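One structure is given here, and the rest of the page talks about it.
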2 protein chains.
Amino acid sequence: MTGKVTIKDVAKAAGVSEATVSRALTHSPRVKRDTRQKIQNIANNLGYHPNGLARSIRLQHTHTLGVIIPDILNAFFTKLSRVIEDAADKAGYDVVLVNTDESLAKEANALSLLLEKQVDGIIITSAGGPTKYTDILGNTPAVFVDRMPPVTGQLAYDRVLVDNIQGTRAVVTELIHQGAQRIGIINSAVSFTATERMTGYREALTQAGFEPDAAIEATARTDNSNVQQMTRQLLVNQKCDGLFVADNTIMEEVLRKLPALDLPPIHLGGFDDQDWFDFLPQPIVTARQPIAQLGQTAIDRLLAKIDDPDLLPEEIRLAATTISR
Amino acid sequence: MTGKVTIKDVAKAAGVSEATVSRALTHSPRVKRDTRQKIQNIANNLGYHPNGLARSIRLQHTHTLGVIIPDILNAFFTKLSRVIEDAADKAGYDVVLVNTDESLAKEANALSLLLEKQVDGIIITSAGGPTKYTDILGNTPAVFVDRMPPVTGQLAYDRVLVDNIQGTRAVVTELIHQGAQRIGIINSAVSFTATERMTGYREALTQAGFEPDAAIEATARTDNSNVQQMTRQLLVNQKCDGLFVADNTIMEEVLRKLPALDLPPIHLGGFDDQDWFDFLPQPIVTARQPIAQLGQTAIDRLLAKIDDPDLLPEEIRLAATTISR
DNA sequence: GTGAAAGCGCTAACAG
DNA sequence: CTGTTAGCGCTTTCAC
């Protein structure tokens, strides 16, 4: 904290009151042209930057939004956060972003941090625990994006989600069209996502006349440390000729294992697209999330809620696009 | 901003003064055990969260650091920012991150924003303009990372940089060892990085007995819109059998163009490594930046400077690792 | 058009 | 051990 030049210094240098400096710098109309001009010059020369904390405390809002995500290193969240920042910026809001690494404890800390920073609203990818968001948030507006907490009755917040069932079903169906006869799944450890994606996977199989088989339904650990082993299990031991993978972090581990298995080409599909999948020798079918709309919609809803606290919460589902290669 | 329960409410509910609440909650030793206990309970029940703005304004520091990078979507900066956040967190600091998209105007805005937020220090990847950082920053501690501004005399700030010359030279040399006879370069638009990496490229050629040739030295636009065309120019028209690419964003465009050219395998090298390069049919030699150390060192220096404003600025160079595939 | 004064929520002397 | 008071930097009535 610079602790340096304040409005008082500017006022003194300009020979006016602090009030006038404030008015001049906030473009209030009630200031004479040359007074304003003079004050602005002096402020510049002095290198004056208004103290945003003082202003916010006075104005009772920060024009800052909080964003809580699991991990910025996950390409999906990298993109999502960028979209959110751009949308927020366009609306005149700053953004503070925090990672939770899927940890409930870190999520709780993140929430406290943002609340103490007095953010005007929060966008959150729920870590999925039994967290009582209403108790913690008080009446700070919030919207859930990508995942929502386990529902117990009415959820007081908006949620902007992708249609996981439809997206997954489409990918698995495409794999079947490509000729896959036995498609395994490596599912996510994230319960909200996992449940929905599992449903889509099973629906696609059933619709095509295949019987879901628990022996080829695996779940990745949060750190994906068992994925390579699962890959071998499904493709070698269980003789799957197709594999659906529930997110991009799992996919990376699968791709890392694949060459070592030295198998004939398999039918590979997954949730989340990455641009570099285009470069792989192995074609991948993916459900690409509508990240831009996800972020924009979340911001839109949040701002609407900030504007009108009585706005009723909604659930918004956006469709994923199937990318065939 | 919740505008809700304040220290005053807690004080009233507990039947004590605001000062006592403050002391109880900040773990000051001068409070009776049960008083503290009672206050903590009441605070919890009321859902009290201290107003960080008020506290910061009073304490004259925010325990918040600002980070300015070009683009979080660039994997190098994604990783760097995560490392910085973790290191800052460990030291008890929050982080506010801003993207500039290599724009001088946005960099100026970012600086203002952070200064108004009263951050205790700033880590910045300079956009490279003639910006007078000293004038803007006043005595807010700052350190440059990855790039520093054009030097005019003494630079008042620490800088933590990678050894671009060494890194580039090593990659190009490796390409030559692999048998490349004519290695072109597609350089970055970022002047600081570009200058150093060009030097490394030419040094490697010269050392190996090749003559640098301006006809095969190209520069990417900031948005990389000309990279695919340059790729064709160098590999087809100029018949290069090797290519050095100055950063990971350029590399992606090159990879996108390569298949269409339908050439025999070329010797490909670049600055910045990405994990997924492992999966490509085309082996790539890279200079991998020591991102973790870069971030940690930057934070260390910044905190040191915050601690002791008289600390003399240094330039720290870290070596890149050559990854051969 | 401008100044004086109050107050946002908090902590740090200073008393007691 | 606890209460009173002042003040951080700013904006905003309310006067003039």
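Since the model is a prediction, treat every value here as computed from it, not as a measurement. Residue numbering restarts at 1 for every chain, and letters A, B, ... go by the order of the sequence lines.
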### Query
Would you say a side-chain N or O of B:Q118 is under 4.0 Å from OP1 or OP2 of D:dG9?
no

### Message
If you go through the side-chain atoms of A:R36, does one of them form a donor-acceptor pair with the base of C:dG1 closer than 3.5 Å?
### Response
no

### Proximity to the side chain of A:S22 - top-ranked nucleotide from D:dT12, C:dG9, D:dG3
D:dT12

### Query
Can you find an N or O donor on one side and an acceptor on the other, under 3.5 Å apart, linking the side chain of A:R33 with the base of C:dG1?
no

### Task
Flag the pair A:D94 and B:K117 as a salt bridge only when some basic side-chain nitrogen lies within less than 4.0 angstrom of an acidic carboxylate oxygen.
yes

### Under 4.0 angstrom between A:Q60 side-chain N/O and C:dG7 OP1 or OP2
no

### Task
Calculate the interatomic distance between A:R55 atom CZ and D:dG9 atom C1'; express it in whole Å.
11 Å

### Query
Taking atom C1' of C:dG7 as reference, at what distance in whole Å does atom CG of B:L53 sit?
15 Å

### Query
Are any of the side-chain nitrogens in A:D101 or B:R82 under 4.0 Å away from the carboxylate oxygens of its partner?
yes

### Which residue lies more 5' along DNA chain D, comparing A:P50 with A:R23 via nearest heavy atoms
A:P50

### Query
When you check the gap from the basic side-chain N to the acidic O, do B:E85 and B:K90 get nearer than 4.0 Å?
no

### Task
Return yes if some donor-acceptor pair links the side-chain N/O of A:D158 with the main-chain N/O of A:E314 below 3.5 Å, else return no.
yes

### Message
By nearest atom, which of the nucleotides C:dA12, D:dC10, C:dC10 is closest to the A:T6 side chain?
### Response
D:dC10

### Query
Between atom CD in B:E18 and atom P in D:dT2, what is the gap in whole Å?
16 Å

### Query
Please give, in whole Å, the distance from D:dG9 P to B:I57 CD1?
7 Å

### Task
Give the nucleotide from the list D:dT2, C:dC10, D:dT12 with an atom nearest to the side chain of A:L59.
D:dT12

### Task
Round to the nearest Å and state the distance from B:Q37 atom CD to D:dC1 atom P.
15 Å

### Query
D:dT2, C:dG9, C:dG3: which one has an atom nearest the side-chain heavy atoms of A:V16?
C:dG3

### Task
Whole angstrom is fine here: how far is it from CD1 in A:I7 over to P in D:dG9?
11 Å

### Task
Starting at atom CG of B:N51, determine the distance to atom P of D:dC10, rounded to an integer number of angstrom.
16 Å

### Task
Report the nucleotide, chosen from C:dG9, D:dT12, D:dC10, that has the shortest atom-to-atom distance to any side-chain atom of B:A54.
C:dG9

### Message
side chain to side chain donor-acceptor pair (under 3.5 Å), that's the test. Do B:T6 and B:Y48 meet it? Break it down for me.
### Response
CA-CA 7 Å; B:T6 78; B:Y48 171 68; over 6 Å; no

### Query
Is any side-chain N or O of A:T35 closer than 4.0 Å to OP1 or OP2 of C:dG1?
no

### Query
Could you state the NZ-P distance from A:K12 to C:dG3, rounded to the nearest angstrom?
15 Å

### Query
C:dG3 phosphate, OP1 or OP2: any side-chain N/O from A:T20 under 4.0 angstrom?
yes

